[in-house]
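Heads up, the thing below is written out as structure tokens.
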Amino acid sequence: MRTVLITGANKGIGFETAKQLAQLGYRVFLGSRDKGKGEEAIKQLRAFNMTNVECIPIDVTDIRSIQEAAKTVQSKVAALDILINNAGIAGPQPQHIAASDITVLRAVFETNFFGAIQTTQSFLPLLEKSAAPVIVNVSSELGSLARHSSPDRNPNWDNYDAYSCSKTALNAFTLALANQFRNTKFRINSVTPGFTATDLNQFRGPQPVQQGAGYIVRQAIVGPDGPTGKFLKDDIVAW
């Protein structure tokens with residue numbers, strides 16, 4: 001049974017991703033900053049007769065928490081096959097970059113960028129033991145420089161400058177890591193789930209969570225001949 005850790009998986013797209021992968025027969029470690037909320041999410045999944053799920057407390061902004069989570073997973077499995085860096089925050093709006101409070105910018109980057117990096121670094125030893133390791137970084141269309149440069153760019157995106165910059169940085173990290181592991185068994189990609197209805201956007205997204213999570217799941221289960229070093233939506237290179 002292949003194994004997967006998903007950060008920020010007690011709700012929203014992370015929870016739905018955990019559900020879909022568990023339904024496919026994967027052993028799912030559901031990462032949650034709040035252990036109580038994580039355990040409640042596990043109860044919800046087990047109500048669907050999913051016994052291949054387990055809560056792993058992990059706060060991606062706390063290196064000690066990450067290292068403890070890595071030790072816990074290592075005590076349970078010989079290898080980690082898939083890491084999905086899903087944990088993320090939008091931060092308070094508006095975030096016009098010329099005037100955005102630097103503490104907001106730092107907080108958003110701490111979770112969305114640095115959190116993904118230090119989680120990946122801590123779990124790399126377990127991933128390297130997999131026969132076909134996969135890393136999926138959950139990004140956003142707002143991380144696309146091409147979309148931000150487009151004449152039809154949504155002006156409302158100005159309110160999310162900190163979030164957008166953090167996702168652009170995450171895409172850069174994805175490419176740098178994929179380049180480091182080029183010509184190896186690793187598959188490393190960023191995926192945008194699209195504008196999905198979650199509490200990150202006060203459920204304004206028109207797309208259901210099942211669809212958004214589906215994009216992530218498809219890249220999580222990609223085979224050894226799949227893409228790497230890409231920014232993807234629905235298996236298509238995204239901007």
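All values below come from the heavy atoms of this structure, side chains included, with hydrogens, waters and symmetry mates left out.
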Q. Between atom OG of S190 and atom CD1 of I216, what is the distance when rounded to the nearest 0.5 Å?
A. 11.0 Å
Q | Heavy-atom side-chain contact between T17 and N86 under 4.5 Å | A | no
Q | Pairs touching residues 158-176 that satisfy salt bridge (Lys or Arg N to Asp or Glu O under 4.0 Å), sequence neighbours left out | A | R153-D158
Q: Supply the atom-to-atom distance T228 OG1 to N189 CG, rounded to the nearest 0.5 angstrom.
A: 5.0 Å
Q.
Counting C-beta onward and ignoring hydrogens, is there a side-chain heavy-atom pair between V4 and I84 closer than 4.5 Å?
A. yes
Q) Considering only heavy atoms from C-beta outward, does the side chain of S122 approach that of I63 to under 4.5 Å? A) yes
Q | Same cluster (ILVMFWY, side-chain, under 4.5 Å), Y163 and I102 | A | no
Q. Taking atom CD1 of I42 and atom CG of L30, what is their separation to the nearest 0.5 Å?
A. 4.5 Å
Q: Return the minimal non-hydrogen interatomic distance between G14 and I6, and the atom names on each side.
A: O-CG2, 4.2 Å
Q) What distance separates I188 CD1 from T174 OG1, expressed to the nearest 0.5 Å? A) 8.5 Å
Q) Is a donor on one side and an acceptor on the other found under 3.5 Å between the side chain of E110 and the backbone of G115? A) no
Q.
Below 30° counts as parallel, above 60° as perpendicular, anything between as tilted: where do the rings of F173 and F113 land?
A. perpendicular
Q: List the atom of G88, the atom of T111, and the distance in Å for their closest heavy-atom pair.
A: CA-CG2, 3.7 Å
Q) Are M1 and L83 connected in a single hydrophobic cluster, I mean Ile/Leu/Val/Met/Phe/Trp/Tyr linked by side-chain heavy atoms less than 4.5 Å apart? A) no
Q) Counting distance only, does the side-chain N/O of R106 pair as donor-acceptor with the main-chain N or O of T103 below 3.5 Å? A) no
Q. How long is the gap from OG1 on T119 to CG on N85, to the nearest 0.5 Å?
A. 5.5 Å
Q. When you measure from the side chain of S130 to the backbone N and O of I82, does any donor-acceptor pair fall under 3.5 Å?
A. no
Q) Is there a donor-acceptor pair closer than 3.5 Å between any side-chain N or O of K19 and the backbone N or O of M50? A) no
Q | Y26 side chain reached by I221 side chain, heavy atoms, under 4.5 Å | A | yes
(Q) Assigning hydrophobic clusters by single linkage (Ile, Leu, Val, Met, Phe, Trp, Tyr; side-chain heavy-atom cutoff under 4.5 Å), is V191 placed with V60? (A) no
Q | Nearest non-hydrogen partners of L126 and A70, listed with the distance | A | CD1-O, 4.1 Å
Q) E40 versus N10: any side-chain heavy-atom pair under 4.5 Å? A) no
Q: Go through the steps for V217 and L24 under the test side-chain contact (heavy atoms from CB on, under 4.5 Å), then give the verdict.
A: CA-CA 10 Å; V217 169; L24 290 173; 3.9 Å; yes
Q. When hydrophobic residues are tied together by side-chain contacts of less than 4.5 Å, even through go-betweens, does L127 share a cluster with L170?
A. yes
Q. Can D59 and T61 be counted as having a side-chain donor-acceptor contact under 3.5 angstrom?
A. yes
Q) Are the side chain of H148 and the backbone of L142 linked by a donor-acceptor contact shorter than 3.5 Å? A) yes
Q. Can a donor-acceptor pair be found between the side chains of N137 and S139 at a distance below 3.5 Å?
A. no
Q) Can you name the closest pair of heavy atoms from E16 and Q210 and give their distance? A) OE2-CG, 3.5 Å
Q) Do you know the tightest heavy-atom contact between F15 and A41? A) CE1-O, 3.5 Å
Q | hydrophobic_cluster_shared for F29 and I66, side chain cutoff 4.5 Å | A | yes
Q: Could you check V134, L124, L177 and say which one makes a side chain to side chain contact (heavy atoms under 4.5 Å, CB included) with F186?
A: L124
Q.
So F123 and I58, do their side chains get closer than 4.5 Å, heavy atoms only?
A. yes
Q: Would you mind listing every salt bridge (Lys or Arg N to Asp or Glu O under 4.0 Å) that reaches into residues 213-231, with sequence neighbours excluded?
A: R218-D234, R218-D235
Q. Between F181 and E128, is any pair of side-chain heavy atoms under 4.5 Å apart?
A. yes
Q. Counting only N and O atoms by type, is there a donor-acceptor contact under 3.5 Å from the side chain of S32 to the main-chain atoms of P57?
A. no
Q) Can you tell me if Q93 uses its side chain to pair, donor with acceptor, with the backbone of N159 under 3.5 Å? A) no
Q: Determine yes or no for a side-chain-to-main-chain donor-acceptor pair under 3.5 angstrom, with E39 supplying the side chain and C55 the backbone.
A: no
Q: Identify the two heavy atoms, one from Q219 and one from V222, that lie closest to each other, and give their separation to 0.1 Å.
A: O-CG1, 3.1 Å
**Q.** Exceeds 12 heavy-atom contacts within 6.0 angstrom, atom NZ of K35
**A.** no
Q) Quick one: does N52's side chain have a donor or acceptor within less than 3.5 Å of a partner on A22's backbone? A) yes
Q: Might you work through the side-chain hydrogen bond (donor to acceptor under 3.5 Å, both in side chains) test for Q211 and Y215, ending with a clear yes or no?
A: CA-CA 7 Å; Q211 183 178 351; Y215 297 140; 2.9 Å; yes
Q) Which pairs with one or both residues in residues 77-86 pass salt bridge (Lys or Arg N to Asp or Glu O under 4.0 Å), sequence neighbours excluded? A) R2-D81
**Q.** Atom pair NZ (K129) and OG1 (T3), whose distance is rounded to the nearest 0.5 Å
**A.** 12.0 Å
